[in-house]
S.K.: 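I am attaching a structure below and will ask some questions about it afterwards.
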Amino acid sequence: MRASSGPPSVGVLRSDLFAVSAMPEAFPARAMLPVHIEPGADEALVSWLVQLSWALRQSPLMFSRHGFKVDAAGDPEWWRRPSAGQLATIAERTGVEQARLKAMTLLGWSIARDDEGAQRFTSRRWTNPKLGRRKGRRVDVCGQCLAEDERPYLRRLWLLGWIGVCPRHRTQLIGQCPGCRCPIRFKGLNAKAPVDLLACQKCGRGLACLQGQRANDRSVDLQSLLVAGKKTGVVLLPSVGEVEWATMMAVADMLLGMIWTGVATQHREQLFNRIARELDLGWEDRLSLSLGSNYGSLLILDWLVADLPHRLPAAIGILKSVRFEGLLGRHNDIDDDIAAHLRTILAAAIATPAVGRGAWHPWIESLPDSASELRERAARERYKHRRQRLTAFAALKAGATVGEAAAIARVQPMSVYRWLDRGIEHGLEAALERPTGRPALTSAQSEALAQWVCADRANQNRHAIVAQAQARFGIELSLDIASNLLRKHRDRKPGSVRRRRRLWGPMKPRGPRAKPTHDLAPGS
Ligand SMILES: [Zn+2]
Ligand SMILES: [Zn+2]
């Protein structure tokens, strides 16, 4: 070795100057890992691997690279469908049999249309498709399952993306930290620092909680139907029959897309009110519909698929949504094969030209009120013509024919058809009013005028009423109508409790009639 008096010149190796040794490996290759964690029931492979790496104080990324020669930087989800070689390596290093490891993955389960993506059924998928994964994948968990675990871990089921309920506790999954209410996220196998899997990323608290929100039985049933379909590749839909997994996800996308894309909030809320009424939901469940959680979407889907032929046209009517072709046009990734299946399953959404007399069916179906609500409204209605129309519509909604509805409302069937035509064209409120050649007062306007008339004696003048109608509503009243209003409302004192006379009041028996004094049947 050359003695150096200045900085070493080119060609001198550092090892010539200092004693160095190779960097020690994190743990020796091909040997068993120094820790053992027993996998939990239905634990996801990702959960188990991340917790192994945490026990070794390693980042999941380095752990997979060194431990199993898997680079998760590009594909953090490799654990879902690992290769046979990867499984063999993991088995060798951890001492857990391959069959058991395989049961922690999704090998053999169907996958279609990114159905394993986080928050797959939530409204955010439609309203804000650019879901950020920077802070980790969002996941919904069952706080009770975690509370019961000796070592809390993530279930495979929770990582499917569209899961909303815990089948064991029959409760809704939670998507927010019970401590700080921030969304639950977890960093996966590509994390560059050790990950404490089941601690809130914001406040550090554990995610276990002792109580959960009870889930509606229908959501539990639909979810288990879908889980079975995910495993076998075929979903058995009650009203449809066997549906392949890829087609099922396309159906779900079409239906949820119909609700969350290009629809006014008020119409969506009307639909949710109807679903809540027909499924008999409590207020928490009703709220979950509006929030657009996975759980809420399961309820919506359950309501729709239980009776697609009737509920789908009703939903389209209430939402004022586009029909089948428009919905299909939003998904450019649906191939012709699946589109053909969709055309059969969602046939009720295909627009049929409104011809003949049955054309009123979809409109009646689309009314947000139920038959009994329409009847109640009719009973409260002050004007006879509106009562008649509401009664007829209530009968139609309850399934009566036009002839029967006309008989109930005591009019000719032709009148009912006329009301329906007006309703289809101008909506329910217009259908309840009498069509007149010239603009007439609606009941709200005539009520307002009536109050104005009886508020002040100076207003009790036909010409003043005509002028007032012109000024307030831009309507040219005839003097006859002004006289009518005047006659009805003139002598009402402001604040008086006298019963108002009604223009079209219900007929009321006026007590026992006096016996006729003359001979009813002369000559008998
Ligand atoms: Zn649970
Ligand atoms: Zn927190």
Side-chain angles (χ1 to χ4, degrees), residues 37-48 50-51 54 60 103-106 109 116 118-122 124 131-188 191 193-228 230-231 281-282 284-285 287-288 291 293-299 302:
I37 295 179
E38 190 66 17
D42 197 43
E43 177 162 13
L45 187 61
V46 61
S47 159
W48 185 65
V50 168
Q51 294 198 323
W54 175 251
M104 300 165 80
T105 68
L106 300 178
W109 294 29
E116 290 168 14
Q119 299 198 289
R120 187 58 180 75
F121 279 178
T122 61
R124 278 197 71 184
L131 287 171
R133 288 280 304 270
R134 221 163 18 92
K135 296 183 214 154
R137 178 189 163 106
R138 283 197 59 172
V139 64
D140 294 353
V141 302
C142 172
Q144 285 164 288
C145 280
L146 294 176
E148 290 168 10
D149 288 343
E150 212 171 293
R151 166 184 65 86
Y153 60 87
L154 287 178
R155 270 68 175 168
R156 197 163 45 151
L157 215 55
W158 301 345
L159 297 168
L160 290 186
W162 39 265
I163 295 292
V165 298
C166 170
R168 203 160 129 246
H169 293 103
R170 299 182 85 83
T171 49
Q172 295 177 33
L173 298 187
I174 52 169
Q176 291 174 327
C177 163
C180 68
R181 315 302 300 170
C182 74
I184 299 174
R185 297 174 186 275
F186 83 95
K187 293 209 166 99
V195 172
D196 187 2
L197 189 65
L198 283 154
C200 169
Q201 283 194 20
K202 201 162 175 195
C203 69
R205 183 186 185 281
L207 300 175
C209 60
L210 295 172
Q211 281 202 336
Q213 188 76 51
R214 178 138 196 88
N216 188 293
D217 287 345
R218 289 164 160 279
S219 63
V220 183
D221 295 347
L222 180 66
Q223 181 179 293
S224 58
L225 207 72
L226 290 176
V227 170
K230 169 100 181 144
K231 285 180 185 168
L281 301 182
E284 295 103 335
D285 286 352
L287 184 66
S288 70
L291 292 178
S293 59
N294 274 348
Y295 172 71
S297 294
L298 285 171
L299 286 174
D302 180 77

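Keep in mind that this is a model prediction, so the values were computed, not measured. Counting starts at 1 for both ligands and their atoms, in listed order.
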S.K.: Rounded to the nearest 0.5 Å, what separation is found between the CD atom of Gln144 and the CD1 atom of Ile174?
M.R.: 9.0 Å
S.K.: Among Val141, Ile163, Val165, find the one that has a side-chain contact (heavy atoms from CB on, under 4.5 Å) with Leu173.
M.R.: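 Only one of Val141, Ile163, Val165 forms a side-chain contact (heavy atoms from CB on, under 4.5 Å) with Leu173, namely Ile163.
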S.K.: So with a 6.0 Å cut-off around CD of Glu148, is the heavy-atom count from everything else above 12?
M.R.: yes
S.K.: Specify the closest pair of heavy atoms between Leu207 and Pro178, including all atoms of both residues, with the distance to one decimal.
M.R.: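 Minimum heavy-atom contact is O-CG, 3.7 Å.
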S.K.: Walk me through it: do Glu116 and Arg137 pass the test salt bridge (Lys or Arg N to Asp or Glu O under 4.0 Å)?
M.R.: CA-CA 11 Å; Glu116 290 168 14; Arg137 178 189 163 106; over 6 Å; no
S.K.: Apply the salt bridge (charged side-chain N to carboxylate O under 4.0 Å, His left out) test between Asp42 and each candidate in Arg155, Arg156, Arg168; give the one that qualifies.
M.R.: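 When salt bridge (charged side-chain N to carboxylate O under 4.0 Å, His left out) is applied between Asp42 and each of Arg155, Arg156, Arg168, only Arg156 qualifies.
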S.K.: If you take all heavy atoms of Gly40 and Arg151, which pair is closest and at what distance?
M.R.: N-NH2, 3.5 Å
S.K.: What protein N/O/S atoms are found closer than 2.8 Å to the Zn ion (ligand 2)?
M.R.: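 Metal shell, protein only: Cys177 SG, Cys180 SG, Cys200 SG, Cys203 SG.
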S.K.: Which count of protein N, O or S atoms is obtained for distances strictly below 2.8 Å from the Zn ion (ligand 1)?
M.R.: 4
S.K.: Restricting to non-hydrogen atoms, name the atom on Asn216 and the atom on Leu281 that form the minimum distance, rounded to 0.1 Å.
M.R.: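 Closest approach of Asn216 to Leu281: ND2-CD2, 3.2 Å.
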S.K.: How many angstroms lie between atom CD of Gln172 and atom CG of Asn294, to the nearest 0.5 angstrom?
M.R.: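 Going from the CD atom of Gln172 to the CG atom of Asn294 covers 11.0 Å.
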